[in-house]
Undergrad: 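Once you've had a glance at the structure underneath, I'll fire off some questions.
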Amino acid sequence: MTDFREQETLEELRGWLADNWDPERGLVEWRSMLADSGWGMPHWPREWYGRDLPVGFTPLVDAEFDRFGALQVTRSGIRMLAAATILEHGSDLHRQKFLRRIITGEDVWCQLFSEPGSGSDLAGATTRAVMVGNKWVVNGQKVWTTSAHKAHWGLLLARTDIDVPKHSGLSYFILDMQQPGVEAHPLRQMNGHASFNQVFLTDAEVLPEFQVAANGEGWNVATTTLMHERRAADSLRSWGSAGQPGTGRIYEEAQEEIRTAMAPYSWYPQRAGRVDLVMPRAHETGAIRDPVIRQEIARLLIMHKSAEWTAMRARTSQQRGRPQGPEGSLGKLASSNVARLAARVHTMVSGADAMLAGPDGPCDGTIAEILVSFPAASIAGGTDEIQKNIISERVLGMPKETRFDTDRPFRDIPRNTVS
Amino acid sequence: MKFGFSEEQEAFRDVLRRYFEDRSPTTEVRRLMATDQGWEREGWNRMNSELGLAAIAVPEAYGGQGFGLAEQCIALEEMGRALVCSPYFATAVLAASAIELAGSEQQKQTLLPNIASGETVATLAFCEDDGRWDIEGVALEARGDGTLHGTKSYVLDGQAADLVVVLARTPGTTGTDGLSLHLVRGDAPGLERRALQSIDETRRIARLVFDGVEAEPLPGAAAAAMEQVLARAAICLANEMVGGAERLRADALDYVGMRMQFGRSIASFQVTKHKAADMLLDVELARSAAYYAAAAHDEADDGVVALASLAKAGAGEAYVQTAIHAVQMHGGIGFTWDNDTHLWFKRAKVSEVFLGSSAEHRERLVAHWQD
Ligand SMILES: Cc1cc2nc3c(=O)[nH]c(=O)nc-3n(C[C@H](O)[C@H](O)[C@H](O)COP(=O)(O)OP(=O)(O)OC[C@H]3O[C@@H](n4cnc5c(N)ncnc54)[C@H](O)[C@@H]3O)c2cc1C
C-alpha cells in the first residue's frame, strides 16, 4: 500500500470514529459497529467483518483508536484462535454463527486439544467421536484447557478412526460447552491461579454441521490453530487490554469483562516477563546504578526488541501473500527466552524484595507473579523442545527423528503409563 | 584437606534421609506450609529429641555434640532435599553461630544448651529494609541506655522466634565501625513483628520494628563475628540448596522415564538426555563447591569467606536452573499446584536471593582472590 492510500484510509477511519465513537454506548453495541464497519478486524476479508487491509496496517488502525481514546476489539484469548481457524477452514455457516460474537466478545472459547496422555504429541489424542444416528457423540478427557470453566464453545480435536495412522484419524469439531455431557474442573497452578481445567466429555453431542473440514482432516485444521497460537505468543498487544481507562458506560463494561470473561488471562502478561516494568523498577530500586544489573537489563532489552522486530518482519512477509507458516515457532521460542531472562533480571533488580509475594511484594505482588508464572511460557502452546523440533525439521529441513508411531494404525501404538 | 565423607558420616546421612522420608513427605510439607507459623513445635521437638539436630555443631561444653560444619551441612542437605519445614536454619545456623562467636562465657552457658536441645527457637536479625546483606549498611541503633531503635527485615522465622540476636550500631558510626550484637526476647515490649508473605511458603520471613527495646549486648566484636556467621550461613545454605537441586533432578529424571509421547519414552529423546546430563553436571559442581567450603571451614582455612561465597553463588545458579529444567521436563503437570516441583522451585527462587545474590557473592569472591 502506498503512503498516500495509507493516509487516505486513516483519514476515513478518523472521520468514522468522530461520527460514531461514544463512551456511553454499550460495549457489545460498539463492537457490533466495529464488526459492521470492518474497523475492528481490518485485516479480515470484507465479506466477513473486515476491510481486506494488510495485516501490517492493523497497528496503525489501533494507534488511531488509542489516540481517540476509543476502545478496540480485544484481540486475545482462545476466541481469536477460533476466529482464525474458522476463517481458514470453517464453513459459511460457522462464519455466520460465530465470527460476529467473537468480535463482540459475547462468546468465550476454549481449546480442547491436550489430553492427559497427549500434550506434545497432540496427534495421539484418544478422545473419541462416533456418529450415532445423526449426531457425533464424544467421549474422553481433555486437560490444561484454559477458560473451559467459562466457555460457550470449544475447539475440539477428537479421534474418529483408530484403524488408520494417528494423524489421519483425527477430526475437528466445534463443541457446545454448556451441555450436560461436558464437565470442567478448574486445576490450580503453581502461581495460585486456576485458569486451566480438566474437562470430562461423557456422551457430549456435536451436530454434524459443527464439524470443521472433513473427517480425518482434524490434524491439518489443528495445525492452523496452533500456528496462530504460536504467533500470538509474541503479539504486541497485551492480553485483555481495554485501552486507556476513561469514564463512561463502555469503560465500565470493559473493566467488567476483564474481571470476568478475561480473568483466566490476568496473569498472562506476567508469564511473558513484563519487560515493560524492568526500567521503572530499576529506577525505583536504584538497581539502574549497578553496572552488573545494567548489563543484564541491556541484554534483556536487546533480546526483547530483536524478537519484536523479528515478529514484524514475519508479518511483513505475510503481507506479501505468504501464509502463516512454521516460522511462528521462532517467535514463540524467542518469547519464552525473553520471559525466562526477564524473570532473572526482575530478581536482580528487586534484590531481597524478590522473595516477597502478595501485598508485601513489589508492585503489589506483580513481580512475584512473574517469578512463579514464567515457566508456563515455555510449555503452553507447545513446549520449547517441540518448537525447536519444528524449526529444525520444518524450517531448516533437517532430517526428521526416526518415528515409530506414524506408520501403523493408531490402535497399535504404545501408550502412556503415566499421565 | 579432608574432602569426602567417612563411614560414620555416610551412616548419619542415611539415618537422616530415612527419617525425613518418613517424617517430611510432601503431604506433610504442604500441611505445615499452610499453617500460620509454617512449622510446629511438636515436629521440631521430636526432630531434636530423636536426632539431636540442633545440637550438631554446638560445642560440647555448651550442651552440643561438638561436630563440625561438615556434619551440620549433611543435615542441611537432607533437609533441603526433603524441604523440611522447621526453624533449623534460623536457630541452629544463624543464632547459634552468632552467640557462639560473640557471646560471653556466661551467655553461652545459659543460652546454647537450650538452643542445642531445640527448646529455644532463635534467629538472627541483620538485614534491613534496604535489603543489603553486607553488614556495613546496618542502621538500627543501639543507644547508650541499652535500647534498640530501628527496623530489621527478611528475618528468618522472625515472627515466631523466642530469642532474636540483633545486629545494631552505635549512633554516629559508619561502615563496620561501631557494630554490636544484642539479645532480645521475641516478646520484648516495644518489639513489633510482622510476617512477610514469601514466594516460598515453606520458610517464613518477618519484619521486626524495634521501638526502644531493651536488649542485652553480646560482648564479642560484632563485625568479625558476623563475617564468620555469614560465611557459615552461606556454606550451610549452599549445602541445603544442593540437597533441593538433587531432589528436583532425580524426580524429573524419574518422571521422564515413565512418560510416553510419540509412542516412546520422552527420556529417549536426545534433548531430554542432554538436559538430564547438564542437570547432573550443574548439581555435581555445586555439590563439590558446597562440600569443599564446609571442609575448609572445619580445617580453619583462612580463605573460608571467599569459599563460602563461591559455594553460595554456584549453588544459587544451579538450584534455579535445575528447577527451571525440572518444571519443563514435566510439561503441563509441572506447572500445577498439585505437582510437587513448584515447592522446590520456589525455595530455589528465594534461596537465590537470601543472604545475597549470586552476583554479590561472585563480586566478594573476586575481591578476595584478585591478588
Ligand atoms: C498455562 C497453560 C495453559 C494451557 N492451555 C491449554 C489449552 O487451553 N488447551 C490445550 O489443549 N492445552 C493447553 N495447555 C497444554 C500444553 O499445550 C501442553 O502442556 C504442552 O503442549 C506439553 O504437553 P504435556 O503437558 O503433555 O507435556 P509432555 O508432552 O509430556 O512433555 C514433557 C516434556 O517432554 C518433552 N518432549 C515431549 N516430546 C518431545 C520430543 N519429541 N522431543 C523432545 N522433547 C520432547 C517436552 O518438551 C517436555 O519438556 C496449556 C498448558 C499450560 C502450561
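When reading the values below, keep in mind they use all heavy atoms of this one structure, side chains included, and skip hydrogens, waters and symmetry mates. Residue numbers begin at 1 in each chain, while the letters A, B, ... track the order of the sequences.
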Undergrad: Should the pair A:F374 and B:F345 be assigned to parallel (<30°), tilted (30 to 60°) or perpendicular (>60°) ring geometry?
TA: tilted
Undergrad: Please rank B:V271, B:I324, B:D338 by heavy-atom pairs under 4.5 Å with chain A and give me the top one.
TA: B:I324
Undergrad: Report the option among A:V143, A:D290, A:L371, A:T406 that has the most heavy-atom pairs separated by less than 4.5 Å from atoms of chain B.
TA: A:L371
Undergrad: Does the ring centre of B:F335 sit less than 6.0 Å away from the ring centre of A:W267?
TA: yes
Undergrad: Output the option from B:L196, B:L355, B:L343, B:V320 having the highest count of non-hydrogen pairs under 4.5 Å with chain A.
TA: B:L196
Undergrad: State whether the side chain of B:Q261 and the backbone N or O of A:G119 hold a donor-acceptor pair below 3.5 Å, judged by distance alone.
TA: yes
Undergrad: Does CZ in B:R31 sit with more than 12 non-hydrogen atoms of other residues, nucleotides or ligands closer than 6.0 Å?
TA: yes
Undergrad: For the atom pair CD (A:Q189) and CG (B:N339), what is the distance rounded to the nearest 0.5 Å?
TA: 13.0 Å
Undergrad: Between the side chains of A:R344 and B:E317, is the shortest nitrogen-to-carboxylate-oxygen separation below 4.0 Å, so that they form an ion pair?
TA: yes
Undergrad: So what's closer than 4.5 Å to chain B heavy atoms on A:R403: side chain, backbone, both or neither?
TA: side chain
Undergrad: State whether B:R194 and A:D360 are salt-bridged, where the test is any N-O pair (Lys NZ or Arg NE/NH1/NH2 against Asp/Glu carboxylate O) under 4.0 Å.
TA: yes
Undergrad: Check whether B:A326 gets within reach of chain A through its side chain, its backbone, both or neither, counting any heavy atom under 4.5 Å.
TA: neither
Undergrad: By a 4.5 Å heavy-atom criterion (distance strictly below it), what part of A:D384 contacts chain B: side chain, backbone, both, or neither?
TA: both
Undergrad: Are more than 12 heavy atoms, taken from residues, nucleotides or ligands other than B:E192, located less than 6.0 Å from that residue's CD atom?
TA: no
Undergrad: How about CG on A:D163, more than 12 heavy atoms from neighbouring residues, nucleotides or ligands closer than 6.0 Å, or not?
TA: yes
Undergrad: Please classify the contact between B:F269 and chain A as side chain, backbone, both or neither, with a heavy-atom cut-off of under 4.5 Å.
TA: side chain
Undergrad: When you compare the side chains of B:Q328 and A:S378, does any donor N or O come within less than 3.5 Å of an acceptor on the partner?
TA: yes
Undergrad: Among A:K388, A:M348, A:E401, A:E296, which residue has the highest count of heavy-atom pairs closer than 4.5 Å to chain B?
TA: A:E401
Undergrad: Can a donor-acceptor pair be found, under 3.5 Å and without considering hydrogens, that links the side chain of B:K346 to the backbone of A:M190?
TA: yes
Undergrad: With only heavy atoms counted, which part of A:V292 is less than 4.5 Å from chain B, the side chain, the backbone, both or neither?
TA: side chain
Undergrad: Using a cut-off of 6.0 Å, state whether more than 12 heavy atoms not belonging to A:Q295 lie near its atom CD.
TA: no
Undergrad: Below 4.5 Å, heavy atoms only, C-beta onward: do B:W337 and A:N191 meet side chain to side chain?
TA: no
Undergrad: Which one of B:G332, B:G334, B:S357, B:S265 has the most heavy-atom pairs closer than 4.5 Å to chain A?
TA: B:G332
Undergrad: Check whether A:L122 gets within reach of chain B through its side chain, its backbone, both or neither, counting any heavy atom under 4.5 Å.
TA: neither
Undergrad: Check whether any side-chain heavy atom of A:M355 lies under 4.5 Å from a side-chain heavy atom of B:I205, and answer yes or no.
TA: yes
Undergrad: Once rounded to the nearest 0.5 Å, what's the spacing between atom OG1 of A:T285 and atom CG of B:D130?
TA: 12.0 Å
Undergrad: Do the side chains of A:F404 and B:R264 get nearer than 4.5 Å, heavy atoms only?
TA: yes
Undergrad: Hey, are the side chains of A:R188 and B:T336 touching, using non-hydrogen atoms and a 4.5 Å cut-off?
TA: no
Undergrad: Within this structure, what is the CD1-CE distance for the pair A:I413 and B:M260, rounded to the nearest 0.5 Å?
TA: 9.5 Å
Undergrad: Counting heavy-atom pairs under 4.5 Å to chain B, which of A:G286, A:A354, A:S120, A:P359 comes out on top?
TA: A:S120
Undergrad: Counting only non-hydrogen atoms closer than 4.5 Å, does B:E360 touch chain A with its backbone (N, CA, C, O), its side chain (CB onward), both, or neither?
TA: neither
Undergrad: Quick check for you: among A:A376, A:S114, A:A343, A:G124, which has the greatest number of heavy-atom pairs under 4.5 Å with chain B?
TA: A:A376
Undergrad: Using atom types as modelled and distance alone, determine if a side-chain donor or acceptor of A:D121 lies under 3.5 Å from a backbone N or O of B:F262.
TA: yes
Undergrad: At a heavy-atom separation under 4.5 Å, does A:T402 approach chain B through its side chain, its backbone, both, or neither?
TA: backbone
Undergrad: Which pair of non-hydrogen atoms, one from A:A352 and one from B:G131, has the smallest distance, and what is that distance?
TA: CB-CA, 3.7 Å
